[in-house]
Amino acid sequence: MDSTGAVWLPEAASTVAGEVDALFYFIFYASLFFFVLVTSAMVYFAIRYRKRGKRVLTSSISHNTALEVTWTVIPTILVFVIFIWGFKDFLNLHVVPRGATEIKVTGQKWFWSFDYPEGLSVVNELTVPVNKPIKLLMASKDVIHSFYVPSFRVKMDVVPNRYSIIWFEATQTGEYNLFCTEFCGKGHSEMIGKVNVVTEEEYEDWLLENADPSEGLTMEEFGAKLYKSKACVTCHTIDGTASQGPSFLGIYGKNEQLTDGSSVLVDENYLRESFLNPAAKIVKGYQPVMPPYQGLLNDKEVDALIAYIKSLSQ
Ligand code: CUA
């Protein structure tokens, strides 16, 4: 039950976590105190003044000014303390410090993508340096999602057609869970990511290493890497079982029945169209839930994914 985590709350790993927890515990212990006080008084009076022996009539009591003033003033003070304290924390949580690194966050069914100022774009894994303020500029491509990192005590809705902003500064290195906390459809529970907090040097190295993610890989290997890093894995299996979308196993070269009754040969052109404009031709038995990857994949990445999917049909 301390601010480092343990019994109820997850580890506190950001600069604002301590403040948020302190207010939470204040409200919690104040509520507990008054709950015990009121309940004990109630039980005591019920026993002390229960009906015994001959019926005695209570004299008529209209009010008790001192008591009524007390039970009005104390809660009023408490409410104001909580309001002012909460408002102060609210400002701290919403006013982004100067010089924060700005990372663009996009929520879509059912993954997160992160765009760094250096031009790097990654999916589901946000890597940030420790002890540096990070500003997240967030938007959704489809429905409402919500960005939540429990250990940082930050949570914010991510909505289509507008930006929402939060910031945090991690205080220790490590791996933290990232959740979507707004029910956003069938794959909501799979919209899970990680925040990797690393040292400044590790962060610089990471940026360099990821500048060219295809380095040293064949097209198929690069495609296999993208299959995970671009979150295809969330909805498409490679073992033949159907998920949110058709499995990639053996799909290349197949004739697929479409929802409009026609059929299509799964070739390079169909795959490319399905990445960039997935709603164009939906395979029978599936919903048009995939977000367009237009802008999320460059030509080389499209080619690599096609090469990978082809390799799963040999
Ligand atoms: Cu996105 Cu739930």
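Remember, it's 1-based here, ligands and their atoms both numbered in the order they're listed.
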What's the count of protein N, O or S atoms under 2.8 Å from atom 2 (Cu) of ligand 1? 4

Pick out which of Lys228, Met290, Glu190, Met191 makes a side-chain contact (heavy atoms from CB on, under 4.5 Å) with Thr234. Glu190

Using 30° and 60° as the class limits, which term best fits the ring planes of Trp112 and Phe147: parallel, tilted or perpendicular? perpendicular

So that I can tick it off, tell me whether Lys88 and Glu19 are bridged by a salt bridge, with the cut-off set at under 4.0 angstrom between side-chain N and carboxylate O. no

Looking only at side-chain N and O atoms, does Ser113 offer a donor or acceptor that is under 3.5 Å from a partner on Gln108? yes

Does Phe275 have its ring centroid less than 6.0 Å away from the ring centroid of Phe248? no

Name all pairs fulfilling the salt bridge (Lys or Arg N to Asp or Glu O under 4.0 Å) condition that reach into residues 65-77, sequence neighbours left out, sorted by first residue then second. none

